[in-house]
Amino acid sequence: MNILETVKEGVKNAIENLYSEKIEAGSVILNPTRKEFDGDYTLVVFPYTKIGKKSPPQIAEEIGNYLQTNVSEISGFNVVKGFLNFSFSDEFWKGFLSQNVDNQSFGKGEPTGKKVMVEFASPNTNKPLHLGHIRNILLGWSSSKILKAAGNEVVNVQIINDRGIAICKSMLAWKKFGEGGTPENTGKKGDHFVGKFYVEFESKFKAEYTAWQQSEEGIEHFLSHKKGEQTEEEYFKKYKQSYFNNQSQLGKAAKEMLLKWEAGDEETVALWKKMNGWVYDGFEVTYDSLGVDFDKLYYESNTYLLGKEMIEKGLNDKVFFKKEDGSVWIDLTDAKMDEKIVLRSDGTSVYITQDIGTANLRYQDFGVEKMVYVVADEQDYHFKVLFETLKRLGEPYATDLHHLSYGMVDLPTGKMKSREGTVVDADDLIAEVIEEVRKNSVERGEIEELSPEERNEIYRRIGLAALKFFIIKVGPKKRMIFDPKESVDLQGQTGPYVQNAYVRIQSILRKAATQEIDLAIGDNYVKIEAQEKELLTSLFTYPSLIQLAAKDLDPSSIANFCYNLAKDFHKFYHDHSILKAESEEAMAFRIQLSKMVATVLASAMDLLGIEMPERM
RNA sequence: GGCCUGGUAGCUCAACUGGAUAGAGUACCUGACUACGGAUCAGGAGGUUGCAGGUUCGAACCCUGCCCGGGUCACCA
């Protein structure tokens with residue numbers, strides 16, 4: 001049994017013995033004692049004042065006495081108002097350290113036998129990845145790692161939105177203005193190459209639309225259609241979509257292309273395959289530099305027709321109902337949602353139809369019992385509807401569906417808008433942070449004697465750590481402001497700060513290895529000091545933190561843990577000599593403690609997808 | 001307008017899910033290395049937790065009302 005559970009059991013027994021009242025051991029809440037007080041863990045006794053019918057300090061005193069005599073690991077306690085702070089014995093802590101110091105998988109949970117799917121990334125194929133995708137990918141990847149560490153079997157998937165009008169725009173622009181260019185013969189990365197044509201299409205369309213607005217026909221149209229005091233600008237902004245669908249030459253051409261694609265026209269499909277292929281090659285490079293990969297890719301071109309049979313079945317089961325025009329709906333008003341369409345009157349699918357079908361397909365492919373969708377919070381409502389619908393359909397996995405919803409990323413100048421060219425490109429950003437680290441490192445001159453390959457690898461690890469940590473440390477739900485300048489900060493609450501703690505420890509361990517040191521933690525080192533205790537209690541919470549992070553799907557809690565542990569170590573390192581400790585026993589103890597700190601830091605950072613350098 | 005979501009130091013974020021004097025980083029001032037690596041450490045200054053009520057021994061957190069951002073309410077995806 002875990003020591004904390006032992007203590008909870010102890011509290012339960014104390015209350016039963018002292019006040020003849022039964023409580024659940026699980027209801028007992030223990031918190032790590034705050035730094036400014038003495039003790040390892042704290043029991044808040046206010047909840048028991050009614051049961052004990054005494055003042056809080058009295059009750060704390062009584063429970064404290066009971067615990068001290070009945071729980072062998074507890075060596076002492078003190079009472080501050082209604083707070084009972086108790087300490088574990090030094091023997092307990094030394095045992096904890098020597099038992100776990102060489103355990104590389106310390107903190108990882110027991111196998112749960114559960115299979116979990118995580119869907120993330122899921123880009124469109126008409127333009128390269130940007131900052132928003134990076135947040136998505138980092139959250140998805142680290143959630144996946146955390147779920148795995150918590151003992152689950154995890155499958156990473158993404159669904160690629162490879163069809164639709166957007167890619168047709170790129171295709172059309174390439175056909176018209178591409179002049180036979182390819183990523184190979186222009187030396188451009190595939191996704192950027194295709195994205196360029198998407199942008200070109202949009203700007204040509206804009207030119208066409210603007211020209212029409214200024215033509216006699218356009219002006220007449222405005223005058224006869226405007227509502228009230230509407231300005232031209234307002235009106236034409238709203239009318240844009242209609243113009244594209246009904247009047248635009250370019251719009252017409254793009255739509256024709258989409259129809260041809262849907263009809264399976266050979267030439268169109270071949271072009272579509274070719275251009276998407278370029279994009280995939282480009283994405284692959286970006287995923288690779290972020291250090292992520294997937295177990296399976298789903299393509300929307302294969303899944304967009306799925307789900308219709310399930311609608312059929314749901315109709316029979318009265319989950320759905322049909323309107324007069326033949327469209328199919330679900331009524332979720334009793335669950336405080338609306339009526340939602342699930343199949344059009346012409347019998348074709350909508351967005352949610354294919355999501356229903358895809359969920360089912362995944363269940364058949366992998367037998368996952370739990371699914372996590374990493375998607376921005378603008379789709380909160382969609383997922384509420386999807387999950388409720390799947391539940392009503394009685395799908396076996398429907399009780400364990402989660403939307404890891406995250407806030408959009410803003411720039412200090414405001415929202416990112418691809419149309420206005422204010423997006424931060426993923427590849428550029430990655431290259432930038434690494435370059436910044438390189439410049440910085442050259443200035444320091446610490447690792448000059450290493451080979452260029454080794455140095456580049458170190459720059460890469462540090463640069464990515466800075467970027468990833470900067471993004472992951474913010475709670476997912478929070479809309480975040482991304483300042484490119486701050487993302488390359490290497491000091492303070494940053495990835496490199498954590499890496500630096502690790503590197504310092506490695507340096508000590510290298511030095512220690514050259515000396516003959518007895519690393520056994522004996523009984524002679526009697527008094528564990530306050531800062532050592534802080535490190536130990538921090539390490540001690542790591543296993544439960546992984547479980548909590550997995551339950552909450554919150555990688556930011558791991559990032560904050562890394563920072564705090566690194567911070568405590570830096571302080572400890574500054575105030576205590578390790579290799580020149582006052583005694584052999586102290587040295588052995590501190591080396592072992594440092595070693596475990598390094599192991600846990602590396603393990604926790606790995607959960608964030610961040611690699612540790614050995615030197616920096 | 002309905003629903004969802006957020007509002008904490010100048011700025012970027014925490015707060016172990018209702019606990020102790022609301023903490024970090026950054027920016028601004030000050031101090032600390034002839035070294036177990038200064039990508040570090042210590043100190044100063046910086047707060048009516050959007051506002052007003054309520055519940056509680058105890059509220060940034062729960063309830064009510066209001067104010068300000070963002071999202072969403074398509075036979076788009």
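Chain naming here is simple, since letters A, B, ... match the order of the sequence lines and numbering starts at 1 in each. The structure displayed is predicted, hence computed values, not measured ones.
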Parallel, tilted or perpendicular for [X] and [Y], by the 30°/60° rule?
{"X": "A/Phe205", "Y": "A/Tyr243", "answer": "tilted"}
{"X": "A/Phe561", "Y": "A/Tyr542", "answer": "parallel"}
{"X": "A/Phe482", "Y": "A/Phe470", "answer": "perpendicular"}

Any donor-acceptor pair under 3.5 Å joining the side chain of A/Ser345 to the base of B/rC75? yes
Please confirm whether any donor atom in the side chain of A/Asp489 sits under 3.5 Å from an acceptor in the base of B/rA27, or the reverse. no
How far does CG of A/Leu139 sit from CD1 of A/Ile134, to the nearest 0.5 angstrom? 12.0 Å
Out of [options], which has the shortest distance to the side chain of [X]?
{"X": "A/Val44", "options": "B/rG19, B/rG25, B/rU72", "value": "B/rG19"}
{"X": "A/Lys81", "options": "B/rU72, B/rG25, B/rA20", "value": "B/rA20"}
{"X": "A/Lys571", "options": "B/rA77, B/rA42, B/rA39", "value": "B/rA42"}
{"X": "A/Asp338", "options": "B/rC75, B/rC41, B/rC73", "value": "B/rC73"}
{"X": "A/Arg34", "options": "B/rG23, B/rG37, B/rC75", "value": "B/rG23"}
{"X": "A/Gln491", "options": "B/rU26, B/rG25, B/rC75", "value": "B/rU26"}

[atom1] of [X] versus [atom2] of [N]: gap in Å, rounded?
{"X": "A/Lys567", "N": "B/rA42", "atom1": "NZ", "atom2": "C1'", "value": "10 Å"}
{"X": "A/Phe569", "N": "B/rA39", "atom1": "CZ", "atom2": "P", "value": "15 Å"}
{"X": "A/Ile578", "N": "B/rA35", "atom1": "CD1", "atom2": "C1'", "value": "14 Å"}
{"X": "A/Leu411", "N": "B/rG70", "atom1": "CG", "atom2": "C1'", "value": "15 Å"}
{"X": "A/His574", "N": "B/rC33", "atom1": "NE2", "atom2": "C1'", "value": "8 Å"}
{"X": "A/Leu30", "N": "B/rG19", "atom1": "CG", "atom2": "C1'", "value": "13 Å"}
{"X": "A/Glu614", "N": "B/rA39", "atom1": "CD", "atom2": "P", "value": "18 Å"}

Flag this pair as yes if the NZ/CZ of A/Lys169 is under 6.0 angstrom from the six-membered ring centre of A/Phe244 and inside a 45 degree cone about the axis; otherwise no. yes
Nearest-nucleotide wise, let me know which of A/Phe37 and A/Tyr381 is further upstream toward the 5' end of RNA chain B. A/Phe37
For A/Met616 and A/Lys384, find the nucleotide of RNA chain B closest to each by heavy atoms; which residue's nucleotide sits nearer the 5' end? A/Lys384
Checking all strands, does [X] fall into the base, sugar-phosphate, or nothing category for heavy-atom contacts under 4.0 angstrom?
{"X": "A/Tyr497", "value": "sugar-phosphate"}
{"X": "A/Gln354", "value": "sugar-phosphate"}
{"X": "A/Met480", "value": "sugar-phosphate"}
{"X": "A/Val474", "value": "sugar-phosphate"}
{"X": "A/Glu300", "value": "sugar-phosphate"}
{"X": "A/Ile462", "value": "base"}
{"X": "A/Arg504", "value": "sugar-phosphate"}
{"X": "A/His576", "value": "base"}
{"X": "A/Pro47", "value": "base"}
{"X": "A/Asn31", "value": "sugar-phosphate"}
{"X": "A/Asn85", "value": "base"}
{"X": "A/Thr42", "value": "base"}
{"X": "A/Phe470", "value": "nothing"}
{"X": "A/Asn564", "value": "nothing"}

Side-chain donor/acceptor of A/Asn246 to backbone N/O of A/Ser242, under 3.5 Å: yes
Does any N or O in the side chain of A/Ser327 come within less than 3.5 Å of the main-chain N or O of A/Arg344, such that one atom is a donor and the other an acceptor? no
With a cut-off of less than 4.0 Å, is there a side-chain N or O of A/Lys255 near OP1 or OP2 of B/rC76? no
Residue-phosphate contact under 4.0 Å: A/Ser327 side-chain N/O, B/rC75 OP1/OP2: no
Verify the stacking flag for A/Phe83 against B/rA20: centroid separation must be under 5.5 angstrom and the ring planes must differ by under 30 degrees. yes
May A/Phe46 be described as stacking on the base of B/rG58, applying a 5.5 Å centroid limit and a 30° limit on plane angle? no
Are [X] and [Y] within salt-bridge range, i.e. N to O under 4.0 Å?
{"X": "A/Arg615", "Y": "A/Glu449", "answer": "yes"}
{"X": "A/Glu61", "Y": "A/Lys54", "answer": "no"}
{"X": "A/Lys468", "Y": "A/Glu611", "answer": "no"}
{"X": "A/Glu5", "Y": "A/Lys8", "answer": "no"}

Which value, in whole Å, describes the distance between the P atoms of nucleotides B/rU8 and B/rC61? 14 Å
P gap between B/rG31 and B/rU17, integer Å: 42 Å
Please encode protein proximity along nucleotides 5-11 of chain B as a string of B, S and -, counting only heavy-atom distances under 4.0 Å. -SSB---
Is the distance between the ring centroids of A/Tyr351 and A/His382 under 6.0 Å? yes
Shortest non-hydrogen separation from A/Tyr298 to A/Leu361 and the atoms involved: CE2-CD2, 3.6 Å
With syn defined as a glycosidic angle within 90° of 0 and anti as the rest, where does B/rU26 land? anti
Stems in RNA chain B: runs of 3 or more consecutive Watson-Crick or G-U pairs, distances under 3.5 Å? B:1-7 with B:67-73, B:10-13 with B:23-26, B:28-32 with B:40-44, B:50-54 with B:62-66
